[in-house]
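Contents: one structure, followed by commentary.
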Amino acid sequence: MAIHDLNAFLHAFFKAHHCQILSNDNGVLSIQLTEEMDKVLMNRPFYWHYMKKMGYAGDPMKLTLITNPDKRQEKGEWIHFGSPRLQQIIRYLQDTKKYTKLFQQLSPNKNTPLYPWLVTNIKISYQGKHKRDELFSIGLNLINGVMHAKMMDVLNTISLEKTIADYCYTLSPMIKMESGFNRIKSVLDQYIENQEHQWAVDSLQALEEETKLLHHFYTEDKEDEMMKRELQEIQERFQPKILYQVINGGLFYLATETS
Amino acid sequence: MKSIYIDKDDNFINELEDKLKKNTQLSSWELFSMAYAAEQTTMVPNFTGLRALEFLPHVTFLEHQIQTAERVVEQMNGRAILADEVGLGKTIEAGLVLKEYMIRGLVKKALLLVPASLVNQWEKELNEKFYLPAVAYRKNMSWEQGNIIISSLDTAKRVQHQDTILDLDYDFVLVDEAHKLKNHKTKNYQFVRSLKKKYCLLLTATPVQNELLEIFNLVSILKPGHLGSYDSFKASYGNDRKTMKQDLYLKQLVQKVMVRNTRKDTGLNQIKRHIETIWTEFSCEEAEVYQALEESTMLFPSFSKITFLRELCSSREACYLSLKKLLEENPELESVQGVIEKIEQLPHHQKAAKVVELINNIGTEKVIIFTEYRATQFYLQYYLKQHGISSVPFRGGFKRGKKDWMRQLFKDHAQVLIATEAGGEGINLQFCNYMINYDLPWNPMRLEQRIGRIHRYGQEKDVFIYNFAIRNTVEEHIMKLLYEKIHLFENVIGDLDAILSELSIQNMEQEIEQIYTESETAGEAKIKLQNLSAIIEAEQQSNLEEKRYGDT
């Protein structure tokens with residue numbers, strides 16, 4: 001589900017923000033920004049401040065984004081996975097699309113219950129000498145406690161909207177959100193417990209070696225302060241750490257009990 | 001594992017409940033899933049490898065640069081001396097390492113300490129090549145707020161900044177031209193050592209110049225104790241830099257914290273240096289003045305005579321000004337007046353005419369002219385203008401902004417850049433591949449620095465270097481007896497640098513001056529010069545056989 005087609009991703013992003021697509025041809029995408037998107041992307045707060053003060057509507061800019069490297073010579077911005085523009089868009093998504101409440105769309109002819117699910121997308125980072133990330137999407141049925149480990153894949157196959165469909169009604173959660181979240185965390189704790197952490201062993205070994213070297217360096221204790229600081233630096237560089245970071249999550253009302 | 005520290009994001013669920021209650025900031029499904037896809041794209045699934053490469057498709061990295069960055073991140077854990085030979089792209093390697101750490105979220109706050117003349121260049125390179133939001137330190141900026149700040153060491157260690165900086169926790173500290181830190185007693189050294197830092201890169205082309213303890217000091221910034229304590233190191237290895245070559249264990253230890261790529265093993269030799277000596281002869285009038293000066297038995301202050309001769313070989317103006325000054329300070333040297341008058345009568349300098357001829361032959365290509373003297377610089381600028389050739393001056397004393405501006409003028413408008421010696425360091429002119437050494441410095445290191453401005457990473461064409469010399473003068477001696485003899489122009493200076501310090505020749509320029517002042521006749525000076533180059537040549541031979549330390 002990672003971004004494979006950048007052009008399609010951008011197209012969807014601007015459409016979802018109600019921007020008019022002026023043209024999209026062979027990896028060259030032209031968009032008429034809305035005022036909201038202009039403010040998010042074009043970095044000209046003074047312009048908008050002035051316009052508002054003077055009572056003008058303001059004139060949102062057009063943007064041309066080139067994903068096809070062969071078209072780089074054309075007028076517009078070349079956008080790729082490292083370019084500041086994409087970083088900006090991604091940061092915006094991460095900052096503003098963190099929470100949600102959605103309902104599965106069905107067209108039943110009789111009353112249908114929807115089950116509350118807590119869905120969390122969590123990144124686990126393993127950080128020692130080096131660092132790597134792992135991403136989990138976990139869903140928990142807040143009525144019967146059933147858990148699903150690849151929740152985003154499941155959700156991708158159904159239709160979801162911010163409003164509830166006709167003839168559907170929601171069931172009240174039996175499990176509180178907070179304890180649900182704790183259950184998810186303890187499953188991750190389990191997962192981590194069961195791993196072999198060679199990376200952490202290596203990091204601790206490096207930590208120990210560098211600490212020994214440091215003691216070797218200071219034959220007299222007069223440089224006490226400096227040594228303390230350097231021990232601290234070694235600690236920061238090698239101490240193995242595991243970090244949980246919730247990327248986004250929310251409350252989903254789904255027709256399925258167990259997914 | 002109990003020894004692993006675990007940090008969980010506990011805030012999320014409260015925030016979510018709050019948003020649900022208020023029914024605000026709730027995302028649509030489409031954007032929610034896009035945020036997830038974005039995370040999948042930017043996360044780093046592996047401990048090893050350089051993620052940065054995928055993020056920088058517009059840059060073509062050389063193989064050795066990628067390998068170096070990988071080695072620094074994966075094996076050296078982010079603390080290393082980058083000691084590539086000049087022009088192989090240490091900046092690129094450092095940029096790649098920093099980018100990688102930022103992508104992995106391991107570095108947020110960084111301090112880059114670089115020579116004042118390079119601050120803008122670093123900023124430009126990191127912004128444009130690496131998309132890193134680095135900013136050059138400007139007056140009244142806050143050290144606390146900037147995330148990636150580039151500053152000169154001198155600025156950073158100033159009283160009003162030092163305490164603030166030493167209080168901050170840096171994830172990444174870089175020092176360019178780190179050979180300035182080789183003495184552990186200096187303020188610079190103490191300052192860098194006291195910085196709170198996680199990862200640290202020291203960049204230098206010459207990790208050891210004279211004493212073995214220099215490398216000990218550099219390594220002790222990165223990994224105190226790696227080479228033992230100061231006393232134990234001194235006891236077991238002494239202070240002779242040759243020890244490094246002989247002691248395999250020491251060599252291995254150093255290699256654990258140092259990467260050194262050489263032109264030889266990177267294949268960057270493919271760009272050829274074409275070297276040509278352009279001989280000219282003095283006109284009769286010029287030769288007459290030269291002879292008068294050379295034979296004069298006036299009691300010049302020491303060194304002066306040879307200086308005047310060199311100046312006359314460069315331009316009338318250079319010599320004239322010096323003689324004038326001499327006369328002002330020593331009114332008793334009346335006979336100088338005669339020489340000064342003769343100089344006033346001289347026609348345009350033969351070399352200058354030759355320069356115009358050469359530039360016309362080169363066509364429209366950019367040319368850099370180096371001279372040792374300001375007066376010559378002015379004269380050449382005037383003379384070229386008379387012949388319809390546009391030029392801009394360049395001096396080390398220019399302010400940062402002016403340097404950048406002159407470089408830009410040269411790039412976009414002028415055909416010729418006329419630089420004095422001090423301009424040799426700290427400006428990259430890869431877009432130019434013709435260089436005229438209007439007069440030769442007596443310090444070969446400076447000559448290499450000149451050439452390094454154009455023969456460096458990023459140069460795509462062969463490099464043409466023209467060395468001017470006047471027959472039957474001191475220039476001919478230096479050219480023939482010294483520079484050509486030791487193959488100075490073909491060799492990469494890294495070697496010569498090492499050789500000179502092995503021979504304990506601290507300052508080549510002084511050495512040569514001494515030869516001239518202590519010699520009774522030109523013949524004697526010649527013989528002494530020959531001896532000097534013979535010694536260097538012999539050392540070169542023996543060095544060819546043993547590999548340099550740090551090279552693998």
### Query
Yes or no on side-chain contact (heavy atoms from CB on, under 4.5 Å) for A:Phe136 and A:Tyr191, after CA distance, side-chain angles and deciding distance?
CA-CA 11 Å; A:Phe136 293 90; A:Tyr191 168 78; 3.4 Å; yes
### Message
Would A:Glu225 and A:Lys228 count as a salt bridge (charged side-chain N to carboxylate O under 4.0 Å, His left out) here? Give the steps.
### Response
CA-CA 5 Å; A:Glu225 263 315 297; A:Lys228 254 192 230 154; 3.8 Å; yes
### Task
Begin from the C-alpha positions of B:Lys21 and B:Glu17 and carry the test salt bridge (charged side-chain N to carboxylate O under 4.0 Å, His left out) through to its verdict.
CA-CA 6 Å; B:Lys21 208 158 65 192; B:Glu17 281 186 291; over 6 Å; no
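Scanning both residues, B:Ser236 and B:Ser232, for their nearest heavy atoms gives OG-O, 2.6 Å. Listed here is the closest heavy atom pair of B:Lys196 and A:Glu233: CA-OE2, 3.6 Å.
If you measure heavy-atom distances from A:Glu230 to chain B, the contacts under 4.5 Å come from the side chain alone. The part of B:Phe216 that comes within reach of chain A is its side chain, from C-beta onward, which places non-hydrogen atoms under 4.5 angstrom from that chain. With a threshold of 4.5 angstrom between heavy atoms, A:Ser203 does not approach chain B through any atom at all. Residue contact with chain B, scored on non-hydrogen atoms closer than 4.5 Å, involves the backbone and the side chain of A:Arg237 alike. Only the side chain of A:Lys162 comes within less than 4.5 Å of a heavy atom of chain B; its backbone N, CA, C and O stay farther away. Neither the backbone nor the side chain of A:Tyr92 has a heavy atom closer than 4.5 Å to any heavy atom of chain B. Both the backbone and the side chain of B:Arg79 come within less than 4.5 Å of a heavy atom of chain A. Using a 4.5 Å cut-off between heavy atoms, A:Leu102 contacts chain B through its side chain alone, with no backbone atom that close.
The pair B:Glu74-B:Arg71 does not count as a salt bridge, with every side-chain nitrogen at least 4.0 angstrom from each carboxylate oxygen. B:Glu100 has no carboxylate O lying under 4.0 Å from a charged side-chain N of B:Arg51, or vice versa, which leaves the two without a salt bridge. Classification of B:Lys198 and B:Asp169 as a salt-bridged pair fails, no side-chain N sitting under 4.0 Å from a carboxylate O. A salt bridge does not link A:Asp95 to A:Arg91: none of the charged side-chain nitrogens sits closer than 4.0 Å to a carboxylate oxygen.
Residues of residues 104-112 of chain B having a heavy atom under 4.5 Å from any heavy atom of chain A, listed by number: B:Arg104, B:Gly105, B:Leu106.
The number of heavy atoms from other shown groups lying within 6.0 Å of CD (A:Glu208) does not exceed 12.
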